[in-house]
Asker: 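Quick one: this structure, given as structure tokens, is what I'll be asking you about.
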2 protein chains.
Amino acid sequence: MESDPPADASADSPAAFPASLEVAWGLRDRPHKGPKRGLTLDGIVTAAIAVADAEGIEAVSMSRVAKELGASTMALYRYVATKDELVMLMVDAAIGPPVPLPADATGWRPALEHWATAMRESLLTHLWAIPLVAAHGPPVTPNQLAWLDQSLQALADTGLGYDEKVAVSLLVSGLVRSELSLVALMRQDPAGTAQRLAGYGKFLARVTENGRLPALRAAVTDGAFDDLDADLADEADEFDDFAFGLQRALDGVAAYLGE
Amino acid sequence: MESDPPADASADSPAAFPASLEVAWGLRDRPHKGPKRGLTLDGIVTAAIAVADAEGIEAVSMSRVAKELGASTMALYRYVATKDELVMLMVDAAIGPPVPLPADATGWRPALEHWATAMRESLLTHLWAIPLVAAHGPPVTPNQLAWLDQSLQALADTGLGYDEKVAVSLLVSGLVRSELSLVALMRQDPAGTAQRLAGYGKFLARVTENGRLPALRAAVTDGAFDDLDADLADEADEFDDFAFGLQRALDGVAAYLGE
DNA sequence: CAGTACCGTGTATGCTCTACGCAGTAGCGC
DNA sequence: GCGCTACTGCGTAGAGCATACACGGTACTG
């Protein structure tokens with residue numbers, strides 16, 4: 001919108017933030033001199049996500065995405081400077097915009113619960129994105145920053161400092177991602193992993209035989225890892241790591257707030 | 001092909017866990033029929049880690065590691081079935097064995113504090129390993145399981161169930177990794193990232209100009225992101241996200257325990 | 001001593017990202 | 001209306017990657 005006369009957008013921080021990012025933020029009014037563009041950054045990202053959802057992130061190559069769009073491989077490089085940039089935008093699109101707070105979620109705690117749960121569900125539909133969320137440095141993409149904004153809003157009335165708010169946000173999102181990274185690997189490759197998981201208890205039993213990992217051995221002989229494969233079929237009455245961890249984390253914040 | 005005489009170690013769980021893993025656990029008594037082996041799994045992993053430490057994980061290729069050892073690329077495949085296996089073992093070696101509890105750390109809380117801090121410090125010396133810790137499914141390598149064992153030990157006297165202990169462990173390790181993944185990206189590429197970080201505050205100011213991310217905008221105008229680049233030079237009185245998050249998480253566990 | 005299981009290696013395949021140059025297009029200043 | 005020129009998509013090509021496979025040599029087993 002407003003372009004400051006002397007301070008051009010990308011002029012102060014030279015080449016620090018890629019052009020595709022500016023497009024993603026809608027900050028790029030293209031003068032459009034040459035031929036009409038045949039593709040869209042959105043379209044490219046969408047196609048790439050479709051491939052990732054269907055066949056996993058490792059199936060996403062520049063040539064594969066281009067084929068999906070009926071374009072040549074190199075055409076994509078007119079929209080994205082590098083594959084990493086594309087991946088960054090894929091992750092942003094995968095997490096999507098934050099889900100608006102329901103009306104009955106008043107107070108920081110319900111708001112944060114909503115935030116964490118909604119984020120978890122967004123990522124659950126794009127499992128490949130989980131390890132990549134934090135892989136591109138501090139968040140710079142629209143949706144990622146919108147999520148951050150929502151968590152800051154949730155904590156707005158707590159009187160916490162910004163450093164503290166960000167730290168709480170980090171604690172909760174860390175929980176989401178670490179729990180999901182386990183779930184993800186179980187679901188992404190159900191065939192292989194279920195089989196592997198079925199043997200996981202046995203494996204742990206074998207490697208703890210020598211008694212050098214006593215606490216783990218106790219857990220194993222107690223049967224803590226016996227039903228992992230059953231869980232995959234019947235997730236009904238399974239212990240919910242995520243909910244438990246989330247409640248502990250929020251309890252900790254509540255205690256800090258003197259509640 | 002492979003010939004499985006009787007009940008070989010890997011016969012119960014067929015092909016579920018790779019042979020190199022058995023070697024890492026010291027469960028492989030090699031009959032050693034052919035010529036003497038010129039390399040060691042340990043040596044390969046050590047060389048690979050040296051490359052990763054010096055030049056980053058992306059510099060680790062099979063041929064690069066082989067060159068480091070004065071061997072041919074394909075020689076490595078006599079010790080490791082796939083590059084992914086090598087990476088898994090690299091991560092295990094990178095986190096190292098858990099640091100023994102100091103004598104004065106009695107009770108679950110000091111023990112968990114020690115656990116989290118020690119893990120953080122281990123990973124700090126091998127930043128490339130951070131995104132990879134959870135990338136290979138549930139932990140199966142010796143050191144990773146030893147860390148898990150230590151956390152279970154820390155919680156042994158709390159009366160928590162194993163599910164709950166594991167969930168607490170996940171909460172804390174999630175915090176460690178998510179905080180580190182930010183730190184990592186700042187340090188790994190100091191030149192580029194410091195420059196990028198210097199512009200981060202300005203960038204956030206620009207994209208929040210339209211007022212659509214009000215909480216974030218408030219934080220930005222409040223100067224919460226202004227000193228990020230200064231932090232790199234002078235980390236003295238910087239707010240410690242990790243310590244703050246850890247205390248909140250442990251407070252939450254304490255509350256659950258009725259303490 | 002023969003058999004054979006295993007070693008390290010060279011070659012080859014197919015994939016990846018991306019640098020570069022080309023020919024064609026469409027808006028701008030005249 | 002007419003170049004100028006910035007911009008388009010594309011073909012080619014190069015470097016690097018993981019790894020499948022076949023080969024000749026080695027040292028233990030029967």
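In what follows, every heavy atom counts, from backbone to side chain, and hydrogens, waters and symmetry copies are set aside. So you know, we letter chains A, B, ... as the sequences are listed, proteins then strands, and number each from 1.
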Asker: Salt-bridge test for E209(B) and R217(B): reply yes if a basic N is under 4.0 Å from a carboxylate O, no otherwise.
Answerer: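 Salt bridge absent between E209(B) and R217(B).
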
Asker: Kindly say if S63(A) contacts the phosphate of dT16(C), meaning a side-chain N or O under 4.0 Å from OP1 or OP2.
Answerer: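 Result: yes.
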
Asker: Please report the distance, rounded to the nearest Å, between OH in Y77(B) and P in dC23(D).
Answerer: 21 Å

Asker: Return yes if some donor-acceptor pair links the side-chain N/O of K67(B) with the main-chain N/O of S72(B) below 3.5 Å, else return no.
Answerer: no

Asker: Under 4.0 Å between a Lys/Arg side-chain N and an Asp/Glu carboxylate O for E22(B) and R206(A)?
Answerer: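 So E22(B) pairs with R206(A) through a salt bridge.
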
Asker: Are any of the side-chain heavy atoms of I44(B) and L86(B) separated by less than 4.5 Å?
Answerer: yes

Asker: Rounded to whole Å, please give me the gap between CE in M62(B) and P in dT19(D).
Answerer: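 The answer, rounded to whole Å, is 7 Å.
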
Asker: Tell me the interatomic distance from R64(B), atom CZ, to dA15(D), atom C1', rounded to whole angstroms.
Answerer: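 Between C1' of dA15(D) and CZ of R64(B): 16 Å.
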
Asker: With respect to the side chain of K83(A), which nucleotide from dT4(C), dC17(D), dT16(C) is positioned closest?
Answerer: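 When the side chain of K83(A) is considered, dT16(C) is the closest of dT4(C), dC17(D), dT16(C).
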
Asker: Report the distance from atom CD of E58(B) to atom P of dA15(D), rounded to the nearest whole Å.
Answerer: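 It is 20 Å, rounded to the nearest whole Å.
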
Asker: Rounded at 0.5 Å granularity, tell me how far CZ in R78(B) sits from CG in L41(B).
Answerer: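 With rounding to 0.5 Å, CZ (R78(B)) is 15.0 Å from CG (L41(B)).
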
Asker: Could you list the protein-to-nucleotides 7-9 of chain C atom pairs, N/O on both sides, closer than 3.5 Å?
Answerer:
from: dC7(C); atom 1: OP1; to: R37(B); atom 2: NE; distance (Å): 2.8
from: dC7(C); atom 1: OP1; to: R37(B); atom 2: NH2; distance (Å): 2.8
from: dG8(C); atom 1: OP1; to: G38(B); atom 2: N; distance (Å): 2.7
from: dG8(C); atom 1: OP1; to: Y79(B); atom 2: OH; distance (Å): 2.8
from: dG8(C); atom 1: N7; to: R78(B); atom 2: NE; distance (Å): 3.0
from: dG8(C); atom 1: N7; to: R78(B); atom 2: NH2; distance (Å): 3.2
from: dG8(C); atom 1: O6; to: R78(B); atom 2: NH2; distance (Å): 2.4
from: dT9(C); atom 1: OP2; to: S72(B); atom 2: N; distance (Å): 2.8
from: dT9(C); atom 1: OP2; to: S72(B); atom 2: OG; distance (Å): 3.3

Asker: In whole angstrom, give the distance that lies between atom NZ of K33(A) and atom C1' of dG27(C).
Answerer: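 Computing the K33(A):NZ to dG27(C):C1' distance gives 7 Å.
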
Asker: Starting at CG of D84(B) and ending at C1' of dT19(D), how long is that distance when rounded to a whole Å?
Answerer: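 Distance, rounded to whole Å: 13 Å.
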
